[in-house]
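Following: one structure in structure tokens, then a few remarks.
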Amino acid sequence: MDGMRGSLIIDDPDGYPYDYDEDVTLTISEWYHELVAPLTKSFMNRYNPTGAEPIPQNLLWNDTMNGTWAVEPGKTYLLRIINIGGFVSQYLWMEDHEFEVVAVDGIYVEKNITEYLYITVAQRYDVLVHTKNDTSTNYAFMQAFDLDMLDTQPKDLVVNATSYIVYDESADMPGEYVLGDVDYLDDFYLVPLDVEERLPQPDHVITIDVVMDNLGNGVNYAFFNNITWTHPKVPALATLFSSGDYADNVTIYGSNTHSYILEKDEIVEIVLNNNDTGKHPFHLHGHAFQVIERGGDYLDSAEPVPYPTNGTEGFVEPKYPARRDTLYVRPQSYFRIRFKANNPGIWFFHCHLEWHLVQGLAMVLIEDPMSIQKFQSLDDAWYENCDSAGVQTEGNAAGNTNDFFDLTGENVQVKALPAGFTARGIVAMVFSF
Ligand SMILES: [Cu+2]
């Protein structure tokens, strides 16, 4: 978020399935006037007991403001849009032009035309843009923050930004538009171009509840079930490669890393219940998953609405589910995603809001560990990096190389608050000093 970022485009060796004249990359993001390190200090702090995320000052378009996109008339552009920000989702809109969505997160989809895009951090959208034949006018390219994601709206916050689709440099630039509540494309209904059918019923269901809460130090953390991800003393991959036959025993990866072992080729479904009133874009490494179901917005509900044990009444699972690797869940709602464990590796599943990752909203999927040991390896550079950082590369999560089942000394989360203590209580305590 401090700026060490960019775009990486991987060309399809089989060529792009849709015709276009020229491709252009557009990054969108937000900008903080302060660096992440000091922001994190005040964020992960008992004086911020509600876990209010730091709010950026501005939004960026190709890392600038009021950017220009010089276009030629009568052409089809492939615009690769990447939200490289760390926190706030954005709405995009072009004056008098349309987005023709052709891929999400690297998965080609059947064409969908929309006026508005909603893009969370880490999501990518490929769209075709057809330019006009007339070159007399320039048009606005608007972006706007999803203000629902911000706890407050500080005075210095820029919420709308205008960039320009330029047909004629000497013509006037358009004015600013304000994006209100817009009807954006719902990615749930996107059909992959390869029309891959819905995977069969899962062999392995992982149900996780998203909770934001305070621990005994008064700091606000994020949890899947009761675990806030806490980094192990030994990286999971190093534990795997140093553990021989124990590699498929989840214990060795630590009690606070929220690890699961996935068996080769099993069908895995993650049921995620969001007990929080915010939206969260969840990201899985190693797979583009099928989006089986996503519940509606229950922000106004007195209680969160978890995925019903008997299934959602009247809901029919899509025959050709959308596939992507970053999916938002709505407030106090749920989603279900499915994939086949056919890509051996240790994969993080986490909220892609960087602040929530700092708060521990992550878990680890150890997929087919014996195949990782057999067919993969870590190179010297990997070990050298760990050495330079003083990170141990052998042993279980606690760094124990003799007994892989003895986790004495492992990193664990802060102890819970005494019973009866609430975040509100902490606020009272803090402000009574
Ligand atoms: Cu989150």
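Every number for a ligand or one of its atoms is a count from 1 in the order of the listing.
Under the 6.0 Å distance and 45° angle rule, R294 counts as a cation-pi partner of Y328.
F241 and Y383 have their aromatic ring centers separated by at least 6.0 angstrom. Ring to ring, H258 and Y260 are close: their centroids are under 6.0 angstrom apart.
At a cut-off of 2.8 Å, measuring from the Cu ion (ligand 1), the protein N, O or S atoms that fall short of it are H280 ND1, C351 SG, H356 ND1, waters left aside.
A donor and an acceptor atom, one from each side chain of R5 and S29, are located under 3.5 Å apart. In this model, no donor atom of one side chain and acceptor atom of the other lie less than 3.5 Å apart for N396 and Y246. With no hydrogens or angles considered, a side-chain donor-acceptor pair links T312 and Y334 at under 3.5 Å.
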